[in-house]
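Lettering of chains follows the sequences in order, A, B, ..., and the numbering in each one begins at 1.
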Amino acid sequence: MTAGERVSRGWMIACTLAVVVAAVYFLIPVAWLVIASTKSTGDLFSTPGFAFAGFHLWDNLRELSSYDDGIFWRWSLNSIIYSVFGSALTTFVCAITGYALAIYRFRGRKVLLAAVLASMLVPGTVIAQPTYVLLVEMGLNNTYAGLLLPALVYSFGVLLCYIYAQASIPLELVEAARIDGAGEFRIFASMGLRLMRTGLVTVLLFAFLGSWNSYLLPLLVLTDQELMPLTVGLTGWNQSAISIPGLQILTVVGSLISIIPIAIVFISLQRFWRSGLTTGSLRS
Amino acid sequence: MASVTAVRGSRRKRMSPAGSRLVPYVFVAPFVVLFIVFLIAPIGVAIANSLFSQQAAGLGFGGVERVFVGLDNYVRALQDHEFVVGFGRVLLYGVVQIPVMMIVAAALALLFDTGLVRGSRFFQFAVFLPYAVPGVIAALLWGFLYQPSVSPLVGGLSALGIDADFLAPGMVLWSIANVATWSTVGINMIILFAALQGVPREMYEAARIDGAGELRIALSIKIPMIAPAVLLTTLSSIIGTLQLFNEPQVLKSITSNIPSDYTPNMAVYAASTLDRNPNLASAMAVVLGLATLVVSVVVLRLTRRRNGVSDGV
């Protein structure tokens with residue numbers, strides 16, 4: 001690296017130090033969470049935050065699994081259902097829409113593109129309340145569909161897919177496939193999707209994270225405990241912890257568990273969605 | 001770009017007319033239908049609802065009826081002291097939190113881009129990890145770190161002789177800002193870093209030959225080169241700030257210093273659930289939506305003019 005030759009050792013140390021300070025800030029809460037999860041309720045309040053006390057992680061997990069007939073695992077399953085189905089469907093809808101916008105010239109295309117762009121400025125939580133009203137009218141409140149369907153409108157995903165399709169699918173190739181007699185949907189499914197792959201992983205992961213994090217809409221739409229995702233369930237526990245002290249440690253352990261899968265998914269797939277961000281780095 | 005358009009133009013003429021003309025419409029249909037049902041319709045519902053009011057019929061025995069009240073709900077919303085104060089609060093919050101978050105994210109992205117940091121893979125992981133923590137879980141987590149009964153931070157600071165109260169009336173807004181900053185620096189850093197990696201390295205070499213230092217290169221070349229990415233991340237932060245809800249809503253349960261209408265979005269939620277007044281809630285939601293739109297457009301206009309960025313996306 002040429003930069004290394006010219007820049008003094010002092011700079012290197014300063015840079016690394018700055019990053020170390022930042023890393024401490026970002027890791028401290030997670031470190032506390034891991035340590036706190038191993039404590040009993042008593043130790044949580046009586047021992048220093050960053051010191052290990054008696055090891056009660058397994059007891060805590062057992063308690064977490066049995067509390068309220070294991071409702072925690074039901075919430076986890078719900079979060080997985082909302083996120084996996086939701087993000088897969090969302091990605092498909094975004095892909096086929098973005099592909100069509102990039103490959104075809106049709107009447108209304110410009111209007112649709114403008115609508116997609118404009119809708120990104122509409123704050124999602126602002127339409128949550130009217131969406132709830134609408135879902136009640138359709139009888140979809142307190143159903144899986146009531147939470148899954150609104151999440152499918154992901155304008156940013158459509159825009160990303162449009163950019164990826166434009167960048168990665170040569171129209172000559174589409175033309176060649178047509179001459180070979182392939183149908184339009186077949187071309188999209190076997191060629192388009194494959195060429196847009198990196199972009200789609202990016203959209204998939206952001207949609208997944210969006211559903212996993214979703215809070216306001218499920219809070220409004222769901223009253224049935226059995227249908228709640230982890231976010232709503234755990235914050236509910238946190239509120240009740242004021243009157244039910246044992247819930248405090250369950251909220252802590254539950255939070256730790258809710259972070260683990262998403263952290264693994266996101267970080268292990270990092271290089272895919274990261275290269276996706278670079279390809280469509282949204283440069284004008 | 002011109003050549004692509006030319007290819008497209010010629011293709012269009014050669015395309016078989018029957019059937020295939022419908023194909024693009026079939027492809028976009030699912031999105032368009034969902035877009036209308038779950039985006040356009042809710043906006044329509046909100047506007048319509050905001051113009052009506054539920055009033056007890058007769059002497060209160062006949063249930064409720066829907067009465068057209070024009071802009072009454074808007075007048076009520078704008079006269080609602082807390083609702084208006086909430087706007088001021090999130091604006092103050094945004095003016096401080098967004099620059100701090102962007103400067104930290106940009107500084108980290110630039111640091112990683114220099115290639116001078118040892119073990120940068122681990123450090124990038126550390127910075128990014130909070131983004132994988134759901135927003136409300138992050139708030140729960142920091143909530144524990146703010147509560148004097150369990151917090152190692154409060155304990156540690158008091159051992160140093162500092163009496164910290166993260167949940168004090170004047171402090172709690174910045175404690176919320178800290179949660180949001182902690183959660184979002186990672187993703188913004190990654191986006192800016194990805195953009196930086198796309199800048200041709202020869203530009204830096206040329207600047208070095210001209211005698212520019214690393215700091216000068218960062219400020220005069222790198223930042224301007226990634227202006228569109230900076231704009232995009234700033235804009236999404238602004239939209240996020242105006243709809244601030246998750247963090248204060250979660251922290252509300254551990255302190256009495258966050259009332260249920262602390263932010264505009266919380267006021268909408270409170271009006272809809274606690275006050276059971278969906279009509280007033282709709283009017284508030286419309287006001288909030290319009291405010292977001294206005295701020296976003298103003299920011300886009302201003303930055304566009306200054307940076308000469310022709311098209312953000």
Side-chain angles (χ1 to χ4, degrees), chain A residues 1 3 7 11-12 15-16 18-19 22-23 26-27 29-30 32-33 44-45 48-50 93 96-97 100 104-106 112 119 121-123 125-127 129-131 133-134 150 152-153 171 175 184 212-213 215-216 231 235 238-239 255 258-259 262-263 266-267 274 277-278 281-284, chain B residues 7-8 11-12 23-24 27-28 30-31 34-35 38-39 41-42 45-46 108 111 115-118 123 126-127 130 132-137 140-142 145 149-150 152 191 194-195 197-198 214 228 232 239 243 245-246 250 253 265 268 272 278 281 285 288-289 292-293 296 309-311 313:
Chain A
M1 175 152 292
V7 179
W11 263 108
M12 189 184 264
C15 289
T16 308
V19 172
F26 288 108
L27 288 178
V30 181
W32 177 84
L33 184 67
L44 184 66
F45 294 97
F50 292 113
V93 171
I96 199 163
T97 312
Y104 305 107
R105 290 291 171 276
F106 55 96
L112 183 55
S119 70
L121 294 182
V122 178
T125 47
V126 168
I127 57 165
Q129 196 268 341
T131 302
V133 174
L134 213 69
L152 296 183
V153 186
L171 289 169
E175 197 58 28
E184 295 297 317
W212 191 267
N213 287 349
Y215 179 60
L216 179 56
T231 47
T235 48
N238 189 47
Q239 276 165 27
S255 300
S258 78
I259 295 173
I262 191 116
F266 234 76
I267 286 159
R274 228 190 233 202
L277 280 179
T278 335
S281 67
L282 308 164
R283 209 98 43 88
S284 49
Chain B
V7 173
R8 283 205 172 122
R11 180 185 52 79
R12 191 177 171 186
V23 168
F27 277 21
V28 300
F31 179 76
L34 289 161
F35 189 83
F38 290 108
L39 201 104
V45 167
L108 286 168
L111 280 174
L116 289 175
V117 177
R118 291 267 172 87
F123 289 118
V127 174
V133 177
V136 293
I137 304 295
L140 278 181
L141 195 43
W142 278 100
L145 296 179
S149 59
V150 284
I191 292 173
Q197 299 272 294
E214 290 304 308
L232 178 87
I239 296 173
Q243 38 177 337
F245 178 80
N246 292 3
V250 171
S253 67
N265 210 1
V268 174
S272 156
L288 179 50
T292 312
L293 210 62
S296 310
V309 178
S310 57
D311 191 348
V313 275

Using the rule given for side-chain contact (heavy atoms from CB on, under 4.5 Å), can you reason through B/V28 versus A/F106, listing the C-alpha separation, both sets of side-chain angles and the distance that settles it, and then say yes or no? CA-CA 11 Å; B/V28 300; A/F106 55 96; 4.1 Å; yes

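Nearest heavy atom pair, residue B/L111 against residue A/C15, reads CD2-SG, 3.5 Å. Here the shortest heavy-atom pairing between B/I137 and A/S255 reads CG2-CB, 3.7 Å. The nearest pair of heavy atoms linking A/P130 to B/A46 is CG-CB, 3.7 Å. Taking all atoms of both residues into account, the shortest heavy-atom contact from B/V150 to A/W32 is O-NE1, 4.3 Å.
Only the side chain of A/Y215 comes within less than 4.5 Å of a heavy atom of chain B; its backbone N, CA, C and O stay farther away. Looking at A/A23, the atoms closer than 4.5 Å to chain B (heavy atoms on both sides) sit in the backbone and in the side chain alike. Residue contact with chain A, scored on non-hydrogen atoms closer than 4.5 Å, involves the backbone and the side chain of B/P278 alike. Looking at A/L44, both its backbone and its side chain come within 4.5 Å of chain B, counting heavy atoms on both sides. For A/V19, the parts sitting under 4.5 Å from any heavy atom of chain B are the backbone and the side chain alike. Heavy-atom distances place both the backbone and the side chain of B/L34 under 4.5 Å from chain A.
When each of A/V153, A/T16, A/L112, A/L33 is checked for heavy-atom pairs under 4.5 Å with chain B, A/V153 comes out on top. Between chain A and the residues B/L141, B/I239, B/L293, the most heavy-atom pairs under 4.5 angstrom are made by B/L141.
In this structure, OG1 on A/T231 lies 8.0 Å from CG on B/N246, to the nearest 0.5 angstrom. Rounded to the nearest 0.5 Å, atoms CG (B/L116) and CH2 (A/W11) are 8.5 Å apart. B/L39 contributes atom CG, which lies 4.5 Å from atom CD1 of A/I127 (distance to the nearest 0.5 angstrom).
Considering only heavy atoms from C-beta on, A/F26 comes within 4.5 Å of B/L108 through its side chain.
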